[in-house]
Every structure is written in C-alpha cells, then in structure tokens.
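Below is one structure, written out as structure tokens, with a few remarks after it.
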2 protein chains.
Amino acid sequence: MEQKPIPMTGAEKRRTARISQILDAAAHCFVEMGFHRAGMAKIAARAKMSPGHIYHYFESKEAIIAAIVDRESARAAERFAEFDAVDSTELASVMTERAVQSIAEKTDILQSVLNMEMLAECQRNPEIACIIHKHDRYVRDQLTHLIRDKLGLDLAEARTDMMMVQFSGLANRLLRNPDLDLQNMVVLMRQTMMAILSPTLGHEAK
Amino acid sequence: MEQKPIPMTGAEKRRTARISQILDAAAHCFVEMGFHRAGMAKIAARAKMSPGHIYHYFESKEAIIAAIVDRESARAAERFAEFDAVDSTELASVMTERAVQSIAEKTDILQSVLNMEMLAECQRNPEIACIIHKHDRYVRDQLTHLIRDKLGLDLAEARTDMMMVQFSGLANRLLRNPDLDLQNMVVLMRQTMMAILSPTLGHEAK
DNA sequence: TTGATTTTCGAATGAACATTCTATTTGTTG
DNA sequence: CAACAAATAGAATGTTCATTCGAAAATCAA
C-alpha cells in the first residue's frame, strides 16, 4: 500500500531488524504447530532471544499473530500488484502461470497453511478479520481497476472475485489432493481464466 | 462410502449417541476456538458430561480431532454424492446452485472455518492428512466417473479438480470478502462451470 | 570514565490444560 | 433383591504456557 521513504536511525533499524527476526521465527513456528500450540519459548528460541525480551517489541502473543497476518497479507497483495504491469491480452495467461508456478513451490504450500490458519482465526477474532478484509479489499480494488479500465469489461467486481476464486481454490485443492496433475490442470486453468476475462461471459447466447 | 445395515443393541445405540454428543460439542468448540484452544473441560461441559468420562469413548483429544475430521469429510463427500442423480445437461447449473446456496447459509460459513482448521492440521499431522486425502479421493472418483462416463468428456480428472477448485475457492472467497455480491457471482460461476464441462475446453481453436 | 539509558536475560508466577484415578451412581441379570 | 458390571463424576496430578519482573549486560552521552 502506501510506503515510508523516511530514512531510519541506527536504533530504528535495529528495532525493525529484531521485529522481523521475531516475525520470521513466529511464522515458522505457526506453520509447524499452529497459532496456539506454538509457545513463546519456541518462538524465542528460534528468534535467538529470551522469551521475556519479545515483550519489548510485542504486547502479547495475540499482537504477534496480528502482525504475522498483516505481513503475510501485505506480501500476498504485493504479489498481486505485479499484474498491473502485464499486457492486457496476456493477463489470463500470466495469472495462470503465476498461480500454478507459485503453488508448485514448497514455500507456497507453507504459505497456504498459514493462510488456512489465518482464515480460521478471522472468523473468531475481529481484529484479524479487519486486517484480512483490508488487504483483500486492496487487492480487489487493484484487480477490478485493471479489469474495468484496462480491459474495458463490465461486471468487473464479479470477474475479480472469480479470478481470486481460482487462486485460492487451486491452493486449497493442492492441499487436499496431493496427486494433483498440474500439467493438465494448467491448460484448463488458463482457459477458465481466459473465459472469465472474455467479454461474452455474463452475456449468454441463449 | 460403504455402510453397516447391522442393527444395534440398546447399549450400542447409547454408545453411539454419547459419541455423537461429544463430537457435536467438540465441533462447536473447535469452530469457536480452534482445535488447540478448545479445552476438554469446555467440550465436556457442552456435551453435558464430565471431562473424565470423555476418555471412555476417546483415547485422547487428538482422537477426537481425527474423528471430527473424518465425520466432517464424510458429510462433505455425502453432499457431493447427490450430484450422481442429476441429469447430465444440468450438472453445471445444479452444482453452481448448490455451491452458492450452501455457502449463503450461516452453517456453511462455520463449516468452512472447520475446513480451514482441518486443512492446516493436515500439513502437520499425517493421520489427519490420511483421512482428508481418503475422502477427497472418494469424492474425486465419483465426480470423475460422472464426467467421464455420463458426460463422455476427456480430461476427466483435470475437469474434476477444476470443478472442486470452484467449490473451495468460493468458500474461501466468502471468508475473505464479506461484501461479496453473490447475485452477480452466481451468473459467472454457472457459466464458468459450464465451460469446464464443455467438450471444447482443453481443445483450443487456435 | 562515569552515569544514564536501553537491551537482554532467565527465573518466578499463576493460570490453563490433558489426562488419570478413585469413588459413586446407574443399570442389568440371576 | 443382591451382586456385578457399566457409566459417570469430579478431584488430583503433572505439565505446559503466557506473561511479569528484577537484575545483568551492553550502549550511549558527557
């Protein structure tokens, strides 16, 4: 989203370094054990500091969870922002490639696990819900603008959501079906995305 | 899947009643607090029995989680089995309606939360993974048979997975975007599903 | 260097939790 | 009804965990 081009003092740099040390450790533990079985002791050990010290940077474990959700959501949003620069005619292809390719990597399976955890938490914790909805709205706005103004299509909001259905649906599918044949899937996925971005969708010839 | 037409004695009936009492209570608590923050005390209270007594029916809390995952997966599989009886020409429509309608209900939002929790756990606990993959394979086999043998389409496995991408993707989307306009979505979703089930998909006219 | 400030540690605390165990109640059967 | 088995309760146990706190170490200012 908006950014800080403000330079940082040494102390501030240190502080943000420590914070991302903690977040990296927390993310790792959360993937491995889930939000609520990952103990502060484990997180602290992985971040190479004492448990007590974490409380100089975060008010509570909940605050760490919120920060993780925020960071991961922001990263996902960033990834979507790349589509902005893509040529209109190739959008479906590029998005398909990115969806499939990013998912074929181990790191993104882990990312998916974190996403599941986040979405579950989202229905219980209003603060988490707020963070997730904020980032989702941002991504949607970007994509809707692309579809409406660059591609000149109607039903832009609905098409946006349909595109995003493909992304999260694919991630979900890969967790449930470990034998998924990506080779064949990618062909159908590309055509499906192209169909979603075709002017005739939503205007059925009867 | 296969079933037991065997009649039950009074004692057995009681036993299964108690067990589903526990599972209902557990499911409720798991949705509300997640697998690992839901304490046995809370589950016991909701099931109207003592914590200790639960251990007459389940070896451990892990066993309850496994049982919940199994039950919920089996229920999802049952719901998919209904599509078996649907007329070929209407499959896409019926599946769309079912996906959208089932998701528009509050209960299915809660079901989605449980699904997220399950999928996250699936990547950490091999026993859970096994249960989930088993049920997913069952659903896929049903649907693939439908697509290949009733609709006479090629690429049946890939089309199956694409259909399932739509289902889980839609559930996911609704959690992330609470403002989702189902009215417009349903139109695009139906056409997308029809495209996935059209013989021309996968055989692009260049 | 000295004093002040910040960073860091790790033990102490208290709550929550899964599980076990013993005792009590309920139900069944001869 | 008596004796036995099954069901149930709930307190006790030992562990794990988030959080707090006082002190030690490092950093900085003068």
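Reminder, nothing fancy here: chain letters follow the sequence lines and each chain counts from 1. These figures come from a predicted structure and were not determined experimentally.
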Where do N or O atoms of nucleotides 8-16 of chain C meet protein N or O atoms at under 3.5 Å, pair by pair?
unit_1: C:dT8; atom_1: OP1; unit_2: A:R18; atom_2: NE; d: 3.0
unit_1: C:dT8; atom_1: OP1; unit_2: A:R18; atom_2: NH2; d: 3.2
unit_1: C:dT8; atom_1: OP2; unit_2: A:R18; atom_2: NE; d: 3.3
unit_1: C:dT8; atom_1: OP2; unit_2: A:H53; atom_2: NE2; d: 2.6
unit_1: C:dT8; atom_1: OP2; unit_2: A:Y57; atom_2: OH; d: 2.9
unit_1: C:dT8; atom_1: O5'; unit_2: A:H53; atom_2: NE2; d: 3.2
unit_1: C:dC9; atom_1: OP2; unit_2: A:S50; atom_2: N; d: 2.8

Heavy-atom pair of closest approach, residues B:A92 and B:M194: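 Closest heavy-atom pair between B:A92 and B:M194: CB-CG, 3.4 Å.
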Could you pull out every donor-acceptor pair under 3.5 Å between side chains of residues 53-60 of chain A and any protein atom, sequence neighbours left out?
unit_1: A:S60; atom_1: OG; unit_2: A:E62; atom_2: N; d: 3.4
unit_1: A:S60; atom_1: OG; unit_2: A:A63; atom_2: N; d: 3.3

Gap between atoms [atom1] and [atom2], on [X] and [N] respectively (whole Å):
| X | N | atom1 | atom2 | answer |
| --- | --- | --- | --- | --- |
| A:H36 | D:dA18 | NE2 | C1' | 13 Å |
| A:K13 | C:dT7 | NZ | P | 16 Å |
| B:M40 | D:dT13 | CE | C1' | 16 Å |
| B:I54 | D:dA7 | CD1 | C1' | 14 Å |
| A:F58 | D:dA18 | CZ | P | 15 Å |

Validation row: A:V165, B:M189 side chains within 4.5 angstrom (heavy atoms):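 SC-SC contact between A:V165 and B:M189 confirmed.
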Close side-chain approach of B:Q123 to A:L175, heavy-atom, < 4.5 Å: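 B:Q123 vs A:L175: side chains touch.
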Sugar-phosphate only, base, or nothing, as touched by B:A44 at under 4.0 Å among non-hydrogen atoms: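 Nothing: the residue B:A44, judged by heavy atoms under 4.0 Å, touches no strand.
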Residues which pass side chain to side chain contact (heavy atoms under 4.5 Å, CB included) with B:D141, listed by chain and number, not counting sequence neighbours: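 So B:D141 forms a side chain to side chain contact (heavy atoms under 4.5 Å, CB included) with B:R137.
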Ion pair A:R71/A:D24, N-O distance below 4.0 Å: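 Judged by the 4.0 Å cut-off on N to carboxylate O distance, A:R71 and A:D24 do form a salt bridge.
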Under 3.5 Å, which donor-acceptor pairs link side chains of residues 31-46 of chain B to any protein atom two or more places apart or in another chain?
unit_1: B:H36; atom_1: NE2; unit_2: A:R37; atom_2: NE; d: 3.4
unit_1: B:H36; atom_1: NE2; unit_2: A:R37; atom_2: NH2; d: 3.3
unit_1: B:H36; atom_1: NE2; unit_2: B:E121; atom_2: OE1; d: 3.4
unit_1: B:H36; atom_1: NE2; unit_2: B:E121; atom_2: OE2; d: 3.4
unit_1: B:R37; atom_1: NE; unit_2: A:H36; atom_2: NE2; d: 3.4
unit_1: B:R37; atom_1: NE; unit_2: B:M33; atom_2: O; d: 3.3
unit_1: B:R37; atom_1: NH2; unit_2: A:H36; atom_2: NE2; d: 3.3
unit_1: B:R37; atom_1: NH2; unit_2: A:E121; atom_2: OE2; d: 3.2
unit_1: B:R37; atom_1: NH2; unit_2: B:M33; atom_2: O; d: 3.4
unit_1: B:R46; atom_1: NE; unit_2: B:H28; atom_2: ND1; d: 3.3
unit_1: B:R46; atom_1: NH2; unit_2: B:H28; atom_2: NE2; d: 3.4

Given DNA chain D, 5'-ward residue of the pair A:K42 and A:E59, judged by closest heavy atom: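 The residue closer to the strand's 5' end, by nearest nucleotide, is A:K42.
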Residues touching DNA chain D, which here means a heavy atom under 4.0 Å, drawn from residues 119-127 of chain A: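 Listed by number, there are none.
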Close residues, residues 19-35 of chain B, relative to DNA chain D [heavy-atom separation under 4.0 Å]: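 Those residues whose heavy atoms fall under 4.0 Å from DNA chain D, taken from residues 19-35 of chain B, amount to none.
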Flag if over 12 foreign heavy atoms under 6.0 Å of CD, B:Q183: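 At most 12 heavy atoms, drawn from other residues, nucleotides or ligands, come within 6.0 Å of this atom.
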Close residues, residues 61-68 of chain B, relative to DNA chain C [heavy-atom separation under 4.0 Å]: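 Listed by number, they are B:K61.
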ring-ring contact (aromatic ring centres under 6.0 Å, His included) pairs, two or more places apart, involving residues 84-112 of chain B: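 Passing the test, one end in residues 84-112 of chain B: no pairs.
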Pair listing, ring-ring contact (aromatic ring centres under 6.0 Å, His included) test, anchored in residues 69-109 of chain B, at least two apart: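 Found B:F80-B:F83, B:F80-B:F167.
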Listed partners of B:D154 passing salt bridge (Lys or Arg N to Asp or Glu O under 4.0 Å), at least two apart: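 Partners of B:D154 by the salt bridge (Lys or Arg N to Asp or Glu O under 4.0 Å) criterion, ordered by chain and then number, come out as B:R159.
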Salt bridge (Lys or Arg N to Asp or Glu O under 4.0 Å) partners of A:D84, counting only residues at least two apart: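 By the salt bridge (Lys or Arg N to Asp or Glu O under 4.0 Å) rule, A:D84 matches no residue at all.
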Those residues that, when tested against A:H145, pass ring pair (Phe, Tyr, Trp, His ring centres under 6.0 Å) (two or more places apart):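 Once residues adjacent in sequence are excluded, A:H145 has no partner under the ring pair (Phe, Tyr, Trp, His ring centres under 6.0 Å) criterion.
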